[in-house]
Novice: 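Can you read through this structure? Questions will come right after.
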Amino acid sequence: MEITLAAEPVARLGDVVITNTMITSAIVVLLLLAVAAVYRARLSTDSPGRFQSLIESVLEFVLNLCEATAGKELGRRVFPLVCTFFVFILTANWFGLLPGFSAIWVVNFEGHRVPLLRAANSDLNMTLAMALIAVGTVQVLGVTTRGLAGYLKELATPLFLAPIHIISEISHVISLAGRLFGNIFGGEVLLLVMYSILPYVVPALFVGLEALFGFIQALIFTVLSVVYISLAAGAEEAPSAHAA
Amino acid sequence: MEKLGIDLWGLLWQAVAFGVLVFGLYKLLYRPTLRMLDERAQRIRQGLADADRARRRLEEAEREYVARLEEASREGQRKVSEATQAAQRLRDEILAQARQEAAALIMQARQQIEAEQRQALEEVRAHIAELAVEAARRVVRASLDEEAQRRLVEEFLADEMRQ
C-alpha cells in the first residue's frame, strides 16, 4: 500500500497527464450539471416537489449565509461562486465516501497499478484552484470597490505593514487550500488504514465521521470565502462583515 | 511542489472544471432559482399587502357600521321623542277641546234648565193664579163681585211675586 500526496496519473493524452482526481472532479462536475439540468426542467414556482424543495433549501441556506455576511447586494452578487464552492466541495467529499469508490484499480501508462478514482479534494491542485479563485475574487472586488489606488493604499497603510498585508492575502490561499486538502487527504488515509487493519464494521463509523467532516469542511471553505469577500468589499457594502 | 502534487496543468484543469461548473450552475440552477425566489417573495409581499389592505377595509367598515348604528339609534330616539311630544300636544289639544265642549254643553244645559224653569214658573204662576181665582171666587162669591175679587187676587199675587 503506497500513499502519495500527489494524485496518481491514470492516462496520458500526448504530453498531458490525466490524474485520478481530475477524472473524479470531472465526474462530479458532470453529475452536478446533470442534477441542475433535471432541476431546471422540473422547476415549478407554484408546486415544488421534494427534489426541488431539497435543492431550494440548500440554495436558500447558502444565500442567507451570503446575505447575512456580505450584505444583500454583494451577497447576491457573489452567491453563484460561493454556492458552487459549497455544493462542489460537499458533493466531491461525499462522492469519495461512496462504497466501491476506491475499489476500481487500473494499470496506468507507467505500468503502475493505481486507483481509477480519488477524492477530488485530496488533490492540492483542486483545493488550490478553488482557493485562488476565491482570493482572486476578493482582490478583484477590492479593486472594483475602492479603485486600484484605494486598494493599493489600503494594502500599504501603514507602509511598514505592507509586506504583512501581502503575506496575509497569500496566507488566505494557503489556509483555504491546505485546510481542505489536509482534512480530506487525512480522512482518505485514515479510511484506507482502517480498511486494512479492521475491514469490518469499524470503518463504517469512520465513514460517518468523514461524511460529517466533509460537510464541515465545505461549510468552513464557504464561510471563509464569504468573509474574505465581504471584508474586501468594505464595511459600506458588507454591514455584518465585522461580526463575521 | 512536485512532491505535493502541484503542477500547472492539474491546476488549470481543476480551475477550468470548477469554472465550467460555476457557469453551468449559474445558468441552470442559480439564475432560475433566484428569479423564482424573488417572484415568490414578491407574491408573498403582495399577499401580505393585500391582507393588510383588507384588514384596514374591514376596520373601516366596522367603524362605519358602528357610526351608522349610533346614528340610527340617535335618530330613533329623536323620533320617539318627537312622537312623544306630538302625542302630548295632541292629548292637550283634545283635552282642551273636550273641556271647551263640556263647558259649552254645561252652559247650554244650564240655559235650557233656566228656560224650562222660567217656563215652569210661568205655568205654575198661571195655574196658581187660576187656582187662587177659583179659590177666591168660591170664598168671596158670596160677598164680593167678580171685579173686586180679581183685584184682590192680583194684589195678592203681586205681593207674592215680590216676596
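Sequence lines set the chain letters: A, B, ... in the order given, protein chains first and strands last, and positions in each chain run from 1.
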Novice: What closest approach, in Å, do B:L28 and A:R40 show between heavy atoms, and which atom pair accounts for it?
Specialist: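 Of all heavy-atom pairs spanning B:L28 and A:R40, the closest is O-CD, 3.3 Å.
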Novice: Given that the side chain runs from C-beta out, which part of B:R31 has a heavy atom under 4.5 Å from chain A: side chain, backbone, both or neither?
Specialist: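 Neither part; nothing is under 4.5 Å.
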Novice: Just by distance, do the side chain of A:N125 and the backbone of B:Q14 share a donor-acceptor pair under 3.5 Å?
Specialist: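 Not at all, since once roles are kept as given, no pair shorter than 3.5 Å links the two residues.
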Novice: Chain B heavy atoms under 4.5 Å from A:L59: which part of the residue, side chain, backbone, both or neither?
Specialist: side chain
Novice: Side chains of A:R76 and B:D38: does their closest heavy-atom pair fall under 4.5 Å?
Specialist: yes
Novice: Which atoms of A:P9 come close to chain B, meaning under 4.5 Å heavy atom to heavy atom: side chain ones, backbone ones, both, or neither?
Specialist: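 Looking at A:P9, nothing touches chain B.
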Novice: Contact part of A:F85 toward chain B, heavy-atom cut-off under 4.5 Å: side chain, backbone, both or neither?
Specialist: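 The answer is both parts of A:F85.
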Novice: Taking atom OH of B:Y26 as the centre, does the number of heavy atoms from other residues, nucleotides or ligands within less than 6.0 Å exceed 12?
Specialist: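 For B:Y26, atom OH is not crowded (no more than 12 foreign heavy atoms under 6.0 Å).
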Novice: Can you confirm whether A:E60 sits close enough to B:T33 that some side-chain heavy atom of one is under 4.5 Å from a side-chain heavy atom of the other?
Specialist: no
Novice: Which atoms form the tightest heavy-atom contact between B:F18 and A:I133, and what is the distance?
Specialist: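 Result for this residue pair: CD2-CD1, 3.6 Å.
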Novice: Taking all non-hydrogen atoms of both residues, which atom of A:P80 and which atom of B:Y30 are closest, and how far apart?
Specialist: O-CE1, 3.3 Å
Novice: Can you find a pair of side-chain heavy atoms, one from B:L11 and one from A:L124, that are under 4.5 Å apart?
Specialist: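 No. Closest side-chain heavy atoms not under 4.5 Å.
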Novice: Taking all non-hydrogen atoms of both residues into account, name the closest pair between A:S44 and B:M36 and its distance.
Specialist: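 Heavy atoms of A:S44 and B:M36 come nearest at O-SD, 3.8 Å.
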Novice: Considering all heavy atoms of both residues, which atom of A:A36 and which atom of B:L29 are nearest to each other, and what is their separation?
Specialist: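 That closest heavy-atom pairing would be CB-CB, 4.3 Å.
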Novice: Kindly check if the number of other-residue, nucleotide or ligand heavy atoms within 6.0 Å of CZ (B:R40) is above 12?
Specialist: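 Result for CZ/B:R40: enclosed.
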Novice: Which one, A:C83, A:A26, A:A37, A:A7, leads in non-hydrogen pairs under 4.5 Å with chain B?
Specialist: A:C83
Novice: What's the shortest heavy-atom distance between A:L43 and B:P32, and which atoms?
Specialist: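 Looking at all heavy atoms of both residues, the closest pair is CD2-CB, 3.6 Å.
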Novice: Side chain, backbone, both or neither: which part of A:T45 has an atom under 4.5 Å from a heavy atom of chain B?
Specialist: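 For A:T45, heavy atoms of backbone and side chain both lie under 4.5 Å from chain B.
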Novice: Is it true that a side-chain atom of B:W9 and a backbone atom of A:V16 form a donor plus acceptor pair closer than 3.5 Å?
Specialist: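 Here the side-chain-to-backbone pair does not exist.
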Novice: Within the 4.5 Å heavy-atom criterion, are A:F79 and B:L34 side-chain neighbours or not?
Specialist: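 Of all side-chain heavy-atom pairs linking B:L34 with A:F79, at least one is under 4.5 Å.
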Novice: Measuring heavy-atom distances to chain B, does A:I55 have an atom under 4.5 Å in its side chain, in its backbone, in both, or in neither?
Specialist: side chain
